[in-house]
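A short write-up of the structure that comes next.
Counting begins at 1 with the first residue of the sequence. Scope of the values below: all heavy atoms of this structure, side chains included, with no hydrogens, waters or symmetry mates.
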Amino acid sequence: MVKNVLRACLGLSLCLGSSWLLCSYRGGFAAPKNRVVHGLMVYILDTGVTTKLRSAPKGSVVMQLPAGRRYRFEVEAVRNGWWRLADNQEIVTNDKPDVEYRVSSPTWVHYSLLTLTTNNAHRQWLTLYARPNERAEGVYSFRGEIQIHPLEVRGEWCRVQTLDKKYTGWLQRRWLSAPPAVHS
C-alpha cells in the first residue's frame, strides 16, 4: 500500500513539479510548505542603494537591482515574510532605454520592499478585515487608492499592511493592482 502511494506521489510530482505536491505516508496529500500564489503582480519600492534579490529567504544575493526605479514582476509563493519571484520572467522598468532583468533561478525578496496599490479610482470605501471574510471585524477603512505591502494570499483574499505599518488586514484581491513600472 505504502509503495503504491509513494509511486503515485512520484508520478504526480514529476508531472506537476516537486514544489507543488508533498505526499504523506497515510496516503493523503499535503500542501507544500510555501504558500503558492498565482498572478500577484507587485513592484519594488526601495529607497536604498540597491535592491538585493536572494537565493532563499535570508540567503545569498543572486541579483542586485539599482535603486530609484520601479520594477514590476510576478510573485508566486510566500514564506515567513519573503516572496519568491515567478520563474523565467523578465523584471521590467520603463527607464530609457528600457531595462530588463531575467529571473531564471529561485529568487526571493522581502515583503517590506514590495508594494501594491489599491485599484479604487472611483473612491469607494474599502475596508481591511481582521480575517479573510467580509463579515469579519473591520480593522481600517479608507477611500481612494493607497499603497500597501503584500503579506499573504488565501484564495481571493490578500493580507496586506499599510506602508506606515499602522494597519494590517485582509482585502479582496480584486481591489489590488501593481501600477505600471515607471521611472521615479
Side-chain angles (χ1 to χ4, degrees), residues 17 19 32-121 126 128 132 139-140 142-184:
S19 65
K33 187 175 182 180
N34 300 335
R35 184 173 300 256
V36 176
V37 179
H38 296 284
L40 187 61
M41 295 299 294
V42 297
Y43 69 98
I44 290 178
L45 178 67
D46 190 357
T47 57
V49 177
T50 61
T51 299
K52 295 176 181 171
L53 304 180
R54 301 183 179 273
S55 61
K58 299 181 183 179
S60 61
V61 175
V62 295
M63 183 185 303
Q64 293 188 48
L65 302 173
R69 299 179 181 136
R70 287 189 183 171
Y71 300 95
R72 184 177 180 191
F73 51 87
E74 181 180 2
V75 291
E76 65 179 16
V78 61
R79 183 191 329 163
N80 298 327
W82 290 82
W83 287 89
R84 185 167 72 103
L85 280 62
D87 293 336
N88 298 318
Q89 70 171 313
E90 293 175 352
I91 299 175
V92 180
T93 182
N94 287 347
D95 289 342
K96 300 294 181 205
D98 291 345
V99 179
E100 296 179 356
Y101 300 87
R102 175 150 296 283
V103 175
S104 57
S105 61
T107 307
W108 295 79
V109 64
H110 194 261
Y111 86 91
S112 63
L113 301 178
L114 301 179
T115 309
L116 294 166
T117 299
T118 54
N119 185 15
N120 190 13
L126 298 181
L128 300 183
V139 175
Y140 175 62
F142 59 94
R143 288 181 78 155
E145 297 179 340
I146 64 170
Q147 292 183 339
I148 49 184
H149 295 297
L151 300 176
E152 179 181 359
V153 173
R154 287 189 194 163
E156 292 304 312
W157 290 84
C158 188
R159 187 167 162 253
V160 297
Q161 182 180 67
T162 56
L163 293 187
D164 61 10
K165 299 185 179 181
K166 285 184 180 179
Y167 304 102
T168 300
W170 292 89
L171 185 65
Q172 290 179 324
R173 283 180 63 180
R174 67 186 172 107
W175 294 110
L176 300 174
S177 65
V182 294
H183 186 57
S184 301

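The CH2 atom of Trp157 lies 7.0 Å from the CG atom of Leu171; values are rounded to the nearest 0.5 Å. Distance check, rounded to the nearest 0.5 Å: CG of Asp87 to CD of Glu76 gives 5.0 Å. If you take OG on Ser112 and CH2 on Trp83, they are separated by 13.0 Å, rounding to the nearest 0.5 Å. Annotation: the span from Thr118 atom OG1 to Leu128 atom CG amounts to 9.5 Å, rounded to 0.5 Å. Rounding to the nearest 0.5 Å places CG of Asn120 at 11.0 Å from CG of Leu176. We find the CD1-CG distance between Ile148 and Asp164 to be 12.0 Å, quoted to the nearest 0.5 Å.
Listed by chain and residue number, Tyr140 satisfy the ring-ring contact (aromatic ring centres under 6.0 Å, His included) test with Tyr167 (two or more places apart in sequence, or in another chain). Residues satisfying the ring-ring contact (aromatic ring centres under 6.0 Å, His included) test with Trp82, not counting sequence neighbours, are His110. Taking Arg159 as the reference, Leu151, Glu152, Thr168, Trp170 meet the side-chain contact (heavy atoms from CB on, under 4.5 Å) condition, with sequence neighbours excluded. For Ser55, the side-chain contact (heavy atoms from CB on, under 4.5 Å) test picks out Ser60, Val62, with sequence neighbours left out. The side-chain contact (heavy atoms from CB on, under 4.5 Å) check on Leu65 picks up Ile44, Thr51, Leu53, Met63, Tyr71, Ile91, Tyr101, with sequence neighbours excluded. Applying the side-chain contact (heavy atoms from CB on, under 4.5 Å) rule to His149 yields the partners Tyr111, Thr115, Gln161, Leu163; only residues at least two apart in sequence or on another chain are considered.
Heavy atoms only, all atoms of each residue included: Leu40 and Pro150 are closest at CD2-CB, 4.3 Å. Residues Thr162 and Lys166 approach most closely at OG1-N, 3.4 Å, considering heavy atoms. Arg79 and Trp108 make their closest contact through NH2-CZ2, 3.7 Å (heavy atoms, listed as atom of the first residue, atom of the second, distance). Across Pro106 and Arg84, no two heavy atoms sit closer than the pair CB-CD, 4.4 Å. Contact record, Glu74 with Met41: CB-SD, 3.5 Å, taken as the closest heavy-atom pair.
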Val78/Val153 under side chain to side chain contact (heavy atoms under 4.5 Å, CB included): CA gap, chis, key distance, verdict: CA-CA 8 Å; Val78 61; Val153 173; over 6 Å; no
Kindly indicate, with the supporting measurements, whether the criterion salt bridge (Lys or Arg N to Asp or Glu O under 4.0 Å) is fulfilled by Arg173 and Glu156. CA-CA 5 Å; Arg173 283 180 63 180; Glu156 292 304 312; 5.3 Å; no
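A donor-acceptor pair under 3.5 Å links the side-chain atoms of Glu145 to the main chain of Ala121, judged by distance alone.
In this structure, Leu114 and Phe73 have side chains that are in contact, with non-hydrogen atoms separated by less than 4.5 Å.
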